[in-house]
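Scroll down for the structure; my scribbles are underneath it.
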There are 2 protein chains.
Amino acid sequence: MTLTREQVEDTALGILTRFGLADLSMRRLARELDVQVGALYWHVKNKQELLVGVAARLLRGVEADTPTLEGAGAREVIAHLARGIRTALVSVPDSAEVVRVAQSLQSEALTPLNRLRSLLEAAGIENAAWAQHLVMNHVLGSIAATQEAARLATVDPAAATNPLGDDAFEWGLRVILDGLFGKAAPAEGLAGGP
Amino acid sequence: MTLTREQVEDTALGILTRFGLADLSMRRLARELDVQVGALYWHVKNKQELLVGVAARLLRGVEADTPTLEGAGAREVIAHLARGIRTALVSVPDSAEVVRVAQSLQSEALTPLNRLRSLLEAAGIENAAWAQHLVMNHVLGSIAATQEAARLATVDPAAATNPLGDDAFEWGLRVILDGLFGKAAPAEGLAGGP
DNA sequence: ACCTGAACACCGTTCAAGT
DNA sequence: ACCTGAACACCGTTCAAGT
């Protein structure tokens, strides 16, 4: 029963999920797999390539959850996809950073991000690549902020700052989509009225 | 002539500017200052605290460039500040990441970011803290993308992807401000008409 | 083909001991 | 008060040699 790349990536994702990116070292990974460090480099070119694989795994299944959404407008489909990406990432520590690394390393490897761009293109946005980055900067940035707040709460539960969680994400998404598609009324309430 | 914290931070900023964050290690810093590594820990608690200082230095002088802007609307002043922050960072490699670390470590330490929030508040934005993050995620995200593109161009000049530089930043800023303040017409052109 | 053993060139942080 | 010397517990990557 020899080591496979799938095992390596799965175990890496496991360490990330349980302990965060600081603990996801090649040596720790080797220990968890009961092999020597060098063995990993037969299955993976280097750590960065491994992280691209982990990012792809994190986002696996996001597309499946985003069918045609019959009857919904382009704006709704895009918002749905953005929420799907956030949901896939928010429970895994440092996942936003991992996706950012993967995105900058090979921008075409993450399928949900490509789908986001095509949706924006299909919606008539003149510069879909820029819009894709605009949306992703918000998604990843707000995930990182949420997780950072959670981390601080673990260290010092007394310092309960304003949440900066789900509501902040929805609000920002609304602002961006308003800017892209135009809006009926200025955003006053938090997220959606009664 | 003993070592000072200012010297330490200045030299750290120098290494960052010339070689990037990967080369900004405590040991490298000590070598450049002709001291032992341990000496640094007399002037600085740890590397994270040092990075907060470096981030503050990076953003020093941004406020000075943002006076009252008499006669301009709130939207213009906010856009001007966002551009000022970008200009201060875009020429220093990995500066966006350094600012992100500092921001998450002690969110009140970077004065231009506080000023951004007050401006948004004064402009009548109901949730200025969320808006501050929304704008900063765009500013820092687009800086990182610009620098990443530049880095790839250095490695492989043939792979000249679409710029993703100044124009993308201005376009995204416009979309966000449109979403926040409302807009006259949908964003069609790239950035500003004839 | 796949893995071990061992090395190379690094990290951040601490701390007794010196001046 | 400020710094050295030296250690502790790590890193990512490479590569001859084994099976």
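Given the structure is predicted, the values throughout are model-derived calculations rather than measurements. Residue numbering restarts at 1 for every chain, and letters A, B, ... go by the order of the sequence lines.
- Between R100(B) and D94(B) no salt bridge is recorded (no basic side-chain N to carboxylate O distance below 4.0 Å).
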For this session: Please test R28(A) against E32(A) for salt bridge (charged side-chain N to carboxylate O under 4.0 Å, His left out), starting from the C-alpha separation and ending with a verdict.
Result: CA-CA 6 Å; R28(A) 169 82 187 255; E32(A) 207 117 319; 3.6 Å; yes
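- The phosphate of dC3(D) (OP1 or OP2) has no side-chain N or O of W42(B) nearer than 4.0 angstrom.
- The main-chain N or O of V92(B) is found under 3.5 Å from a side-chain atom of Q147(B) such that the two form a donor-acceptor pair.
- Each of A22(A) and T4(B) was matched to the nucleotide of DNA chain D holding its nearest heavy atom; the match closer to the 5' end belongs to T4(B).
- For D34(A) and dT4(C), the CG to C1' distance is 14 Å, given to the nearest whole Å.
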Problem set entry | Heavy-atom protein contacts under 4.0 Å, nucleotides 12-19 of chain D, coded B base, S sugar-phosphate only, - none | BBBB----
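- Comparing the same atom, P, in dA9(D) and in dA9(C) gives a spacing of 23 Å after rounding to whole Å.
- Although no hydrogens or angles enter the test, the distance criterion places no donor-acceptor pair under 3.5 Å between the side chain of S91(B) and the main chain of T87(B).
- Nearest nucleotide to the side chain of H43(A), out of dC3(C), dC11(D), dT4(D): dC3(C).
- A donor-acceptor pair under 3.5 Å is absent between the side-chain atoms of D23(A) and the main chain of I15(A), judged by distance alone.
- Separating the CG atom of L33(A) from the P atom of dT4(C) is a distance of 11 Å, rounded to the nearest angstrom.
- Using a 4.5 Å cut-off between side-chain heavy atoms of Ile, Leu, Val, Met, Phe, Trp and Tyr, with links allowed through other members, V52(B) and V44(B) fall into different hydrophobic clusters.
- D166(A) is listed as a side-chain neighbour of R86(A), based on a closest heavy-atom distance under 4.5 Å.
- With hydrogens and angles disregarded, no donor-acceptor distance shorter than 3.5 Å links the side chain of H138(A) to the backbone of H138(B).
- With a 3.5 Å limit on both pairing distances and Watson-Crick or G-U wobble geometry required, the stems of 3 or more pairs in DNA chain C span C:4-8 with D:12-16, C:12-16 with D:4-8.
- Taking only side-chain atoms of R31(A), from C-beta outward, the nucleotide of dA1(C), dC11(D), dG5(C) with the closest atom is dC11(D).
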